Undergrad: 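Let me begin by handing over the structure; questions about it come next.
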Amino acid sequence: MELRGRPQRRQRNRHRRLRAAERELWPNRRRLVPFDSSTSRVRRLACEAADLLRGGSLRYPARSTIHSLGQGGHHAMSTIPYEQSHLYRLRHSAAHLMAQALTELYPGVKLAIGPPIENGFYYDVDLDEPIREDDLPKIEERMRELARLDQPIVKRVARDRDEAQRIILEECTLGQGEETALYKLQLLEAVPDGEEVSFFEQQSSANGKLHRFIDLCRGPHIERTGEIEHFKLMSLAGAYWRGDVKNKQLQRIYGTAFETAEELEQYLNFLEEAKRRDHRVLGRELGLFMSSPKVGIGLPLWLPKGAILRETMIDFLRSEQVKRGYQPVVTPHIASIRLFEKSGHIITFKEKLFPFMEEGEHDTYILKPMNCPFHIEIYSSQLRSYRDLPIRLAEFGNVHRLEQTGEVHGIMRDRGFTQDDAHLFVRPDQLLAEFIGVVELMQVVLNKLGLTDFRARLGTKDPSSDKYVGDDENWALATAAIEQACKQMGLDYEVSPGDAAFYGPKLDLMIRDAIGRDWQMGTVQVDYNLPERFDLEYIGEDGKPHRPIMIHRAPFGSLDRMIGLLTEQYAGAFPYWLAPVQVAILPISDRHVGYAEAIARRLQGFSTPDLQLAQFEGAGDPDVYGLGLLPPGEDRRRIEIDHRRETLGKKIRENQRMKVPFMLIVGDRDMEAGTVGVRSREDGDLGPMSLAGFLDRVEQAG
RNA sequence: GCCGAUGUAGCUCAGUGGUAGAGCAGCUGUUUCGUAAACAGCAGGUCACCGGUUCGAAUCCGGUCAUCGGCUCCA
């Protein structure tokens, strides 16, 4: 099972109407709440959102924030795509304005490209001296000066290539030397024959000084630089020319621009808010996971609460898989290198492998980056009949990959993670149904997790690359199978050449994180190649050997990444079924702790010996308090008793910060009446209830 | 890996060449409290690490490590 792909930063056209729904759902940095929450407010809002989004599946609001901000306020209700909007042109012109400032501040700078992007713009430049963050205010100030000159932006079309080349060499260089045209000449070469070659020029003279800038550019632009008022330079980065590490690394300056000051401010606020949703921050605050340099880069340690979250997710998926005929298997973390030579990993996946382990002179072992060869070994360990197929082998497998240091990102991209992997060995006549079955399972999983806003991506072979195994015919068959299944299910997808696994094409589900980066989550892959490499067989009805087809699939993708994503989507306020602590019981004073323990036992559905109980006379026996029998409910509710000697206010505050879905406050009145004071994460104080009444409430919360 | 930035107490941060600071968390004591921070005291740091400059370095310089943002949005 291969998981690949860096975060995609693609411009996408989205539902602007979602903004309104989202503001309702997420005003003033309130956490997002899942749509399956029981609270009336949330339910009402969810219905409104669903109304707004009619025509598509209900989409989770987190995703659109950044983009809808990017659309700009008064365009929010318009239907034109971002790429055709005024804002897009404004940002494009802002990129030119920045380039103009750079040519004035750094004569001789070689300009490369400067497009508008989803949330702003950038310009890539080649400059001997490094641009540092301290330099940004200076560049920004020069941009403001130039904007104030309100230069008209004029389009010029070159008659032919020769003229275009002349303009680049003589005019775009602004007298700063022909070598500054280096990248522009390469860009001109890349323009297809017959396409119009245009330039955009802006100039003015102030106090006798001429300011001029002209750039090879497809456009379009706004009309005057004076319109560029609300912008900010954001950050610096290195970026390879044409995205290829073999090329020179250029300096990239990112900026953003908006049509109004309010929108700019709103966007900057959004980025601040997103920081608070960062799974790495929440992961520490909520006690989910940690990392330590003493352990190593990208090797997370899962803390008790994070581990419970993982187990809850695994339990859920495992039960769904049992329903669908999957069989669990367990395989080791390391294997002989020969196994992975045969699969092709050693050649195609080498740069992601941890260094090999030599075992004397006998053998060399590697830490597994994928589980497939093991499952293949299990399949081929016995003769299979056509009646046995499909065989579905599932494993929550821990894999290790040597991600580049700069690519490691919390638990979203780490070096040791758990895949909810499975391999289906199917007959050709079963392929379509099994593929559809997998996608159906993925939909069940995503619904349960509240992730309704995703897009599907069909990763296909990059024809110019040699990193793939297998012949073209197998690839064509596999790709066609995926396309057919999607068509049959009415699933829209985009095609992304070069994003296939090395052994076959794949359908990935892409979901956004808090600040708008797309991550590959679930994946399903059709593979004709590994069965061939491993010479897999089954005996057909005709008594002859046939070759099965493999489906690789992982609905979460990576358990680690999925938990990171969920943490950001929910801003740490996990739905009840996932919350590491579902109910916190808050005794008002010491004398209420025994009652709290009794409540805890009832809620846990069985008697749990608890060392802390010994301190409290009469504690732990629910009958002492007349709590009575409860209706059968979910076993093993995750309960915590906050028996610190702190004020109630403080206990509430801290449990709220830990995003515990329900608090039960118990004091004298409750001990007398056999009730609990219920407080919900979303709606606050709900007043006293019987335990049974509270559980009804919990049932609604799911 | 590469470009840029950051690294001071468990956490969030102040401290720009002259005796290491605050809030929260922790510990101790007092308080036993009904819906988002009780009060007081105590303790806690090789200022990431190594080297250099200096009478003197958290602060200046060099290196290393780690973390953060970015590195196929293609005129």
Side-chain angles (χ1 to χ4, degrees), chain A residues 5-12 83 92 95-96 111-122 124 130-136 164 168 172 183-184 186-191 195-200 215-219 234-245 247-254 271 275 278 280-281 284-285 291-294 296-297 351 402-410 462 496-499 515 517 586-593 645-657 663 665-670 677-679 684-688:
Chain A
R6 59 181 65 219
Q8 299 292 303
R9 302 156 192 88
R10 305 179 72 104
Q11 293 151 6
R12 306 216 58 202
E83 289 78 2
H92 202 164
H96 277 214
L111 301 176
I113 58 167
I117 55 175
E118 186 168 358
N119 296 295
F121 60 88
Y122 69 79
D124 282 350
I131 300 172
R132 287 172 306 139
E133 226 154 71
D134 298 344
D135 300 323
L136 294 183
I168 290 171
C172 294
Y183 299 100
K184 295 296 172 187
Q186 290 184 40
L187 290 170
L188 177 65
E189 277 173 33
V191 176
E195 197 171 300
E196 175 186 278
V197 176
S198 59
F199 294 83
F200 282 79
D215 200 3
L216 174 71
C217 182
R218 181 165 50 193
M234 303 297 289
S235 62
L236 293 162
Y240 299 101
W241 169 236
R242 295 197 150 147
D244 189 336
V245 280
N247 291 337
K248 182 167 186 185
Q249 190 169 47
L250 309 176
Q251 302 191 66
R252 174 172 297 181
I253 306 176
Y254 281 99
L271 291 180
K275 272 189 207 164
D278 188 316
R280 292 162 301 190
V281 174
R284 187 184 60 238
E285 286 177 3
S291 62
S292 163
K294 289 172 190 156
I297 298 169
E351 73 282 7
L402 191 63
E403 301 289 351
Q404 293 191 97
T405 53
E407 290 270 28
V408 170
H409 180 84
D462 173 4
S496 181
D499 275 319
I515 61 169
R517 290 180 289 215
L586 279 49
I588 287 172
S589 73
D590 286 352
R591 67 179 176 278
H592 308 121
V593 172
R645 289 176 64 180
E646 291 290 351
T647 57
L648 180 63
K650 183 156 185 166
K651 291 181 182 182
I652 289 172
R653 178 183 164 86
E654 292 186 2
N655 281 285
Q656 189 74 37
R657 277 161 65 135
M663 288 177 236
I665 290 144
V666 294
D668 289 335
R669 299 204 294 263
D670 298 293
V678 179
R679 186 184 169 92
D685 188 4
L686 301 175

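Residue numbers begin at 1 in each chain, while the letters A, B, ... track the order of the sequences. As the structure is a prediction and not an experimental result, all values here were calculated from the model.
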Undergrad: Is any side-chain nitrogen or oxygen of A:Arg280 closer than 4.0 Å to OP1 or OP2 of B:G69?
TA: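 Checking A:Arg280 against B:G69: at least one side-chain N or O falls below 4.0 Å of OP1 or OP2.
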Undergrad: Between B:C73, B:A5, B:A66, spot the one nearest the side chain of A:Pro115, thanks.
TA: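 Nearest to the side chain of A:Pro115 among the choices is B:C73.
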Undergrad: Nearest of B:A38, B:U35, B:G70 to any side-chain atom of A:Lys650?
TA: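 Closest of the options to the side chain of A:Lys650: B:A38.
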Undergrad: Would you indicate which nucleotide in B:A38, B:G4, B:C71 comes nearest to any side-chain atom of A:Leu236?
TA: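 Closest nucleotide among those given: B:G4.
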Undergrad: Going by purine N1 to pyrimidine N3 plus the second Watson-Crick contact, or the G-U wobble pair, all under 3.5 Å, which nucleotide sits opposite B:G1?
TA: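 Answer to the pairing question: B:C71, which forms a Watson-Crick or G-U pair with B:G1.
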Undergrad: Picking from B:G1, B:C33, B:C73, which would you name as closest to the side chain of A:Leu648?
TA: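 Nearest listed nucleotide: B:C33.
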Undergrad: In whole Å, what is the span from the CD atom of A:Glu646 to the P atom of B:U30?
TA: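 After rounding, the gap between these two atoms is 15 Å.
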Undergrad: Between the base of B:U72 and the side chain of A:Arg242, is there a donor and acceptor pair under 3.5 angstrom?
TA: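 Looking at the base of B:U72, it does not pair with any donor or acceptor on the side chain of A:Arg242 (distance under 3.5 Å).
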Undergrad: Send over the distance from A:Arg517 CZ to B:G69 C1', rounded to a whole Å.
TA: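 Going from A:Arg517 (CZ) to B:G69 (C1'), I get 8 Å.
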Undergrad: Does B:U54 pair with anything, Watson-Crick or G-U wobble, both distances under 3.5 Å, and if so, with which nucleotide?
TA: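 By the stated definition (distances under 3.5 Å), nothing pairs with B:U54.
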Undergrad: Figure out the CD/P separation between A:Glu407 and B:G69, and round it to whole Å.
TA: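 Nearest whole value for this atom pair: 12 Å.
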Undergrad: As a test of reading the structure: which of B:A75, B:U35, B:G70 is closest to the side chain of A:Arg679, going by heavy atoms?
TA: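 From the listed options, B:U35 comes nearest.
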Undergrad: Measure from the side-chain heavy atoms of A:His409 and tell me the nearest of B:U35, B:G1, B:G69.
TA: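 Looking only at side-chain atoms, A:His409 lies closest to B:G69.
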Undergrad: Under 4.0 Å: is that the gap between some side-chain N or O of A:Thr405 and OP1 or OP2 of B:G1?
TA: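 Checking A:Thr405 against B:G1: at least one side-chain N or O falls below 4.0 Å of OP1 or OP2.
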Undergrad: Taking only the side-chain heavy atoms of A:Asp668 (C-beta and beyond), determine which of B:G34, B:A75, B:G70 contains the nearest atom.
TA: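 Of all the options, the side chain of A:Asp668 is nearest to B:G34.
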Undergrad: Mind calculating the distance between CG (A:Leu216) and P (B:A75) to the nearest angstrom?
TA: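 Interatomic distance, CG of A:Leu216 to P of B:A75: 9 Å.
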Undergrad: Donor-acceptor check, side chain of A:Lys651 to backbone of A:Ile588, threshold 3.5 angstrom: yes or no?
TA: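 No: the side chain of A:Lys651 does not pair with the backbone of A:Ile588.
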Undergrad: Taking NZ, NE, NH1 and NH2 as the nitrogens, is one of them in A:Asp278 or A:Arg280 under 4.0 Å from a carboxylate oxygen of the other?
TA: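 Salt bridge present between A:Asp278 and A:Arg280.
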Undergrad: Is the phosphate of B:C71, meaning OP1 or OP2, less than 4.0 Å from a side-chain N or O of A:Tyr122?
TA: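 It does not, given that no N or O in the side chain of A:Tyr122 lies less than 4.0 Å from OP1 or OP2 of B:C71.
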Undergrad: For B:G21, what is the paired nucleotide under Watson-Crick or G-U wobble rules, both distances under 3.5 Å?
TA: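 Base partner found: B:C13.
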Undergrad: How long is the line joining CD1 of A:Ile588 and C1' of B:A38, in whole Å?
TA: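 One finds 16 Å between C1' of B:A38 and CD1 of A:Ile588, rounded.
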Undergrad: Please report, rounded to the nearest Å, how far the P atom of B:C11 is from the CD atom of A:Glu654.
TA: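 It is 17 Å, rounded to the nearest whole Å.
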Undergrad: Between the base of B:G1 and the side chain of A:Tyr240, is one N or O donor paired with an acceptor at under 3.5 angstrom?
TA: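 Counting by modelled atom types and ignoring angles, a donor-acceptor contact under 3.5 Å is found here.
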Undergrad: What's the closest nucleotide to the side chain of A:Arg284 if the choices are B:G1, B:C11, B:C73?
TA: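 Nearest to the side-chain atoms of A:Arg284, counting from C-beta on, is B:C11.
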Undergrad: Can you figure out which of B:A38, B:G4, B:G1 approaches the side chain of A:Glu133 most closely?
TA: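 Nearest to the side-chain atoms of A:Glu133, counting from C-beta on, is B:G4.
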Undergrad: Determine: side-chain N/O of A:Thr647 to OP1/OP2 of B:A38, distance under 4.0 Å, yes or no.
TA: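 Looking at the OP1 and OP2 atoms of B:A38, one of them is under 4.0 Å from a side-chain N or O of A:Thr647.
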Undergrad: So for A:Asp244 and B:U72, does any side-chain atom that can act as donor or acceptor lie under 3.5 Å from a complementary atom in the base?
TA: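 Donor-acceptor pair under 3.5 Å: no.
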Undergrad: Could you please name the partner base of B:A38, counting Watson-Crick and G-U wobble pairs only when both distances are under 3.5 Å?
TA: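 Paired with B:U30.
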Undergrad: CZ of A:Phe121 versus P of B:C73: gap in Å, rounded?
TA: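 Atom CZ in A:Phe121 sits about 17 Å away from atom P in B:C73.
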Undergrad: Determine: side-chain N/O of A:Arg653 to OP1/OP2 of B:A37, distance under 4.0 Å, yes or no.
TA: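 False: A:Arg653 side-chain N/O out of range (4.0 Å or more) of B:A37 OP1/OP2.
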Undergrad: Report yes or no: is there a donor-acceptor pair, N or O only, under 3.5 Å between the side chain of A:Arg645 and the base of B:A38?
TA: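 Between B:A38 and A:Arg645, which were checked side chain against base, a qualifying N/O pair under 3.5 Å is absent.
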Undergrad: From the list B:G70, B:U31, B:A75, which nucleotide is the closest neighbour of the side chain of A:Cys217?
TA: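 Ranking B:G70, B:U31, B:A75 by closest atom to the A:Cys217 side chain puts B:A75 first.
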Undergrad: Tell me if a side-chain donor or acceptor on A:Lys184 pairs with a main-chain N or O of A:Ala112 at a distance below 3.5 Å.
TA: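 Flag set: sc A:Lys184 to bb A:Ala112 pair under 3.5 Å.
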Undergrad: Contact class for A:Ala237 vs. all strands (heavy atom < 4.0 Å): base, sugar-phosphate, or nothing?
TA: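 Base, at least one base atom sits under 4.0 Å.
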Undergrad: Kindly say if A:Arg132 contacts the phosphate of B:C3, meaning a side-chain N or O under 4.0 Å from OP1 or OP2.
TA: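 False: A:Arg132 side-chain N/O out of range (4.0 Å or more) of B:C3 OP1/OP2.
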